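Remember, it's 1-based here, ligands and their atoms both numbered in the order they're listed. Predicted, not measured: the structure shown is a model, and the values here were computed from it. The chain is numbered in sequence order, starting from 1.
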Amino acid sequence: MKTLTKAEQQKISPQSAVEMLKRGNERFINNLKVNRNFLQQVDETADGQNPFAVIISCMDSRTSPELIFDQGLGDIFSIRIAGNVINEDILGSSEFGCKVVGAKVILVLGHTACGAVKGAIANVELGHLHFITHKIQRTIPGIKKAYPLINDHDLCQKVTVENVRKSIEDIKSQSSILADMVLKGEIKIVGAMYDVASGKVEFLDESPSSSLDYKTTTAEPVHA
Ligand SMILES: [Zn+2]
């Protein structure tokens, strides 16, 4: 499979970019990975890159975006940080990816059994971790209010989904460049959840009212 040329990248619509990621994950979970010649891709990308997506995902070792979306060299900008939270550096990187290099979609990807989310729920304090956990903790009061009897596992799942939505809100409210590109239809910003037990990525409904209804079949107990 060849890497994208500038002309090919620019022909991709934001929705097509989302579909390309969905198809990549379908290949991944069916073990139908595209047979790539990475050395050839090194040659093809030596003079430049035209990635179609920016993926902001957790640093979790099980969630590598190039693997779970079956992408090659030069296909995606991969921004990784514990708990897929947003900060100024990540905003700047995303602005560069979309405004300067022409990526068509920003995907914020959360995942099941996220240690950063568990740490936020357990209020773990360690060194600089609070910069991350405090961002995730913004979601907890609303969920506990809506679901006073929620168990630990479901709380973890719902906080993870809401944290993805908060990150998307942060991008739109803090980056006028990216918010403007969304308004003009030049890019989409979408959220998704990766299930570490199945390898499947589930894209979140774009209507905020459905955000608390996300469920997975994972029954993993919560350990902070
Ligand atoms: Zn994580």
Side-chain angles (χ1 to χ4, degrees), residues 18 21-22 24-25 28-29 53-71 76-91 93-94 97 105-144 147 150-171 174 189-205 211-224:
V18 174
L21 292 174
K22 287 182 177 174
N25 181 247
F28 174 70
I29 59 175
V54 172
I55 299 181
I56 301 169
S57 62
C58 186
M59 68 188 277
D60 191 292
S61 64
R62 299 164 291 183
T63 65
S64 306
E66 284 87 350
L67 298 178
I68 65 176
F69 291 105
D70 187 29
Q71 300 300 318
I76 58 173
F77 283 111
S78 179
I79 302 175
R80 301 190 67 179
I81 181 169
N84 42 272
V85 295
I86 302 303
N87 63 29
E88 290 172 327
D89 309 289
I90 286 169
L91 288 173
S93 302
S94 303
V105 64
I106 297 175
L107 170 65
V108 179
L109 182 68
H111 68 97
T112 60
C114 180
V117 169
K118 291 174 183 177
I121 291 171
N123 205 19
V124 171
E125 294 283 345
L126 171 75
H128 296 76
L129 258 185
H130 63 277
F131 287 110
I132 293 165
T133 52
H134 287 183
K135 286 179 176 156
I136 299 171
Q137 284 168 344
R138 293 177 295 169
T139 65
I140 297 174
I143 293 169
K144 283 194 167 168
Y147 300 92
I150 194 165
N151 65 37
D152 287 350
H153 173 262
D154 287 352
L155 178 64
C156 183
Q157 295 295 85
K158 288 187 191 300
V159 169
T160 306
V161 173
E162 280 309 290
N163 183 51
V164 167
R165 293 190 183 279
K166 272 272 186 275
S167 290
I168 293 173
E169 278 175 30
D170 287 346
I171 295 168
Q174 294 171 31
I189 305 178
V190 296
M193 281 282 283
Y194 176 74
D195 188 332
V196 297
S198 68
K200 184 155 180 55
V201 173
E202 186 177 331
F203 282 73
L204 302 184
D205 190 321
S211 64
L212 294 177
D213 297 331
Y214 177 84
K215 290 265 197 308
T216 74
T217 53
T218 316
E220 185 171 318
V222 175
H223 299 294

Query raised in the report: Near the Zn ion (ligand 1), which protein N/O/S atoms fall under 2.8 Å?
Result: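 Cys58 SG, His111 NE2, Cys114 SG, with waters left out.
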Are [X] and [Y] side-chain neighbours, meaning at least one heavy-atom pair lies under 4.5 Å?
| X | Y | value |
| --- | --- | --- |
| Val164 | Ile168 | yes |
| Leu91 | Ile171 | yes |
| Lys118 | Asp152 | no |

Report task. Tell me yes or no: between the side chains of Arg165 and Thr139, is some donor less than 3.5 Å from an acceptor? Result ->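 The criterion, which ignores hydrogens and geometry beyond distance, is not satisfied for Thr139 and Arg165.
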Query - CG on Asn25 to CG on Leu21, rounded to 0.5 Å - result: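 If I round to the nearest 0.5 Å, the distance is 9.0 Å.
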Query raised in the report: Under the side chain to side chain contact (heavy atoms under 4.5 Å, CB included) test, which residues partner Leu129, sequence neighbours left out?
Result: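 Counting only residues at least two positions away or on another chain, Leu129 forms a side chain to side chain contact (heavy atoms under 4.5 Å, CB included) with Val124, Leu126, Ile132.
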